[in-house]
Amino acid sequence: MSFWDWLRTKLAEGSVPLSGDIWSDPELADIIAEFHIRELAFETAANLIANSISKCEFKTFVKNKETQGDEYYLWNVEPNKNQNSSAFLHKLIHHLLKNNEALVIEGNGGGLLVADSFQRKQYAMYDDVFSGVQVDEFTFNKPFLGSEVLFFQLNCLNVKRITDSLYSTYAKMIQRSMNAFIRSRGTRGKMLINTMARGDPKFEETLREMQETRLKKFFASENGVLPLFDGWSYEELGSKTYANDTTRDIRAMVDDISDFTAKGLCIPPALLRGDVAGLKDALKLFLTFCIDPLVDNLQEEINRKRVGRAAFLAGTYIQIDTKTIEHIDLLSVSTAIDKLIASGAFCINDIRKAVGEQLIDEEWANQHWMTKNYSPADELLAALQAGDAGG
């Protein structure tokens, strides 16, 4: 591993300070700029996915009947003593997206904990073994069998590593554009020094003081005067060149990195950029190709490890409901609500739960209603035939 690769790794781990005199070196400054750009894109995407998953409701069923017991409370309110469900799911999703895998273990008190680091030994015919499991500052001194933990794996290949490799090349283009933009708006000139001035014993000291103090203050000030010595003269080299690149061009290249990240995580790029146009279609694609497969991954692992085959076949399972992700405007869906109730597909309490309202504690709110416009096809056909016979 080269020094620059090592530095990028340390930056990703958060073990190198992001400020200080160390970053005065131009090459180091380029790396820190590259790191900031790609981490911003990844963290934005990871937060979007984690925020969506944390809005989901983890429904629990026993013998095919929805219930709210200890398991429901565990996943929706308090997975452990130090985290609520939203914080827990954010950490889980972040580890899964960043490392392509995540490990959840059960603590001594029955709570669920997301491991920060671990070693996995794989076996083809037996349970995998997880050792060196660390959560925060605590390291468990015992190994965990695969059947004792929840182990989530996202893809066959770590997408983040692939996109990081792409950033290393693309970030150089951004840095060159930024440098060109800055240079084109800088001031250039030439300093003329005659032979007599150069013969001064203190010439080197005077030149250094001129470069490091006087010229720097002169260029930095909005209005200023440059004091010169005998034998010294300054001449500006024309107006600023103003390169074709603008800040919008640089912003477009930064957006490209967000697009690469979005594609790698199956997020519609327009959604990650925050574009309003086509938002409804982008959200539909996001839920279909990003959230739904991720949710399937989570609930399959939870059901096979925490529920088991026998109980699952008997109707006990956990289902992650993604309908709560999208905000519902009651006025815009009032017609659809009327149709859902009038067709008998859902009862009133089903609809109230779907839109986040309190349930009505009345028997009629749990009944299914149907308007007289709906009737079996055979009854409708018989009525038509009777009308023809009577006519």
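For the numbers below, each heavy atom of this structure counts, side chains included, while hydrogens, waters and symmetry mates do not. Position 1 is the first residue of the sequence; numbering continues from there.
For the atom pair CG (Asn99) and CG (Leu96), the distance works out to 8.5 Å, reported to the nearest 0.5 Å. A distance of 8.0 Å separates CG of Leu271 from OG of Ser52, quoted to the nearest 0.5 Å. One finds the CG atom of Leu48 at 12.5 Å from the CD atom of Glu43 (value rounded to the nearest 0.5 Å). A distance of 11.0 Å separates OG1 in Thr322 from CG in Leu294, rounded to the nearest 0.5 Å. In this structure, Phe346 CZ and Ile351 CD1 are separated by 6.0 Å, a value rounded to the nearest 0.5 Å. How far CG of Asp321 is from NZ of Lys353: 7.5 Å, rounded to the nearest 0.5 Å.
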Q: Apply side-chain contact (heavy atoms from CB on, under 4.5 Å) to the pair Met125 and Tyr123, showing each step before the final yes or no.
A: CA-CA 6 Å; Met125 304 299 294; Tyr123 296 94; over 6 Å; no

Q. Which is it for Lys323 and Glu326 under the salt bridge (Lys or Arg N to Asp or Glu O under 4.0 Å) test, yes or no, and what are the steps along the way?
A. CA-CA 7 Å; Lys323 292 194 295 295; Glu326 188 175 2; over 6 Å; no

**Q.** Residues Lys305, Glu148; criterion salt bridge (Lys or Arg N to Asp or Glu O under 4.0 Å); working and verdict
**A.** CA-CA 7 Å; Lys305 295 289 185 63; Glu148 299 173 330; over 6 Å; no

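Smallest separation of non-hydrogen atoms from Cys56 and Thr324: CA-OG1, 3.4 Å. Minimum heavy-atom separation, Gly111 to Leu74: CA-CD1, 4.4 Å. Among all heavy-atom pairs drawn from Ala262 and Leu272, the shortest one is CB-CD2, 3.8 Å. Heavy atoms only, all atoms of each residue included: Arg352 and Gln358 are closest at NE-O, 2.6 Å. A pairwise comparison of heavy atoms in His368 and Ala345 identifies CE1-O, 3.7 Å as the closest pair.
When hydrophobic residues (I, L, V, M, F, W, Y) are linked wherever their side-chain heavy atoms come within less than 4.5 Å, the members clustered with Phe130 are Leu103, Ile105, Leu113, Phe118, Val133, Val135, Phe138, Phe140, Phe144, Val149, Phe151. Other residues sharing the hydrophobic cluster of Tyr73, ordered by chain and number and joined by side-chain separations under 4.5 Å: Val77.
With hydrogens and angles disregarded, no donor-acceptor distance shorter than 3.5 Å links the side chain of Thr139 to the backbone of Gly132. Counting only distance, with no hydrogens or angles, the side chain of Ser54 and the backbone of Ser86 share no donor-acceptor pair below 3.5 Å. Checked by atom type and distance alone, the side chain of Asp275 never pairs as donor or acceptor with a backbone atom of Ala277 at under 3.5 Å. In this structure, Trp369 contributes its side chain and Trp364 its backbone to a donor-acceptor pair below 3.5 Å.
A side-chain donor-acceptor contact under 3.5 Å links Ser147 and Asp127. Side chains of Glu101 and His95: no donor on one and acceptor on the other come within 3.5 Å. With no hydrogens or angles considered, no side-chain donor-acceptor pair links Glu66 and Tyr72 at under 3.5 Å. In summary, the side chains of Asn51 and His90 do present a donor paired with an acceptor at a separation below 3.5 Å, with no hydrogens or angles considered.
Considering only residues two or more places apart in sequence or on other chains, Asn297 meets the side chain to side chain contact (heavy atoms under 4.5 Å, CB included) condition with Phe152. By the side-chain hydrogen bond (donor to acceptor under 3.5 Å, both in side chains) test, Asn303 is found to be paired with no residue, residues two or more places apart in sequence or in another chain being considered.
Between Trp75 and Phe58, the ring planes are parallel. Angles under 30° get that label, and only those over 60° would be called perpendicular.
Looking at heavy atoms from C-beta onward, Glu78 lies out of side-chain contact with Asn84 at the 4.5 angstrom threshold. Side-chain atoms of Gln153 and Glu301, non-hydrogen and from C-beta on, never get closer than 4.5 Å to each other. The shortest side-chain heavy-atom distance between Cys347 and Asp350 falls under the 4.5 Å cut-off. Side chains of Glu71 and Thr316 form no contact here, defined as non-hydrogen atoms less than 4.5 Å apart. Between Pro269 and Lys263, some side-chain heavy-atom pair lies under the 4.5 Å cut-off. Between Val104 and Leu112 the shortest side-chain heavy-atom distance falls below 4.5 Å. When side chains are defined from C-beta on, Lys59 does not count as touching Ile320, because their heavy atoms never get closer than 4.5 Å.
The hydrophobic cluster containing Leu298 does not contain Phe61, counting ILVMFWY residues as joined when their side-chain heavy atoms lie under 4.5 angstrom apart, directly or transitively. Hydrophobic clustering of Ile, Leu, Val, Met, Phe, Trp and Tyr side chains at less than 4.5 Å, counting indirect connections, keeps Val307 apart from Val295.
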Under 3.5 Å, which donor-acceptor pairs link side chains of residues 279-292 to any protein atom two or more places apart or in another chain?
| residue | atom | partner | partner atom | Å |
| --- | --- | --- | --- | --- |
| Thr288 | OG1 | Lys284 | O | 2.8 |

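Legend: salt bridge (Lys or Arg N to Asp or Glu O under 4.0 Å) pairs involving residues 109-118, not counting sequence neighbours, sorted by first then second residue: Lys91-Asp116.
The side-chain contact (heavy atoms from CB on, under 4.5 Å) test with Tyr317 singles out one residue from Val62, Asn64, Thr60, and that residue is Asn64.
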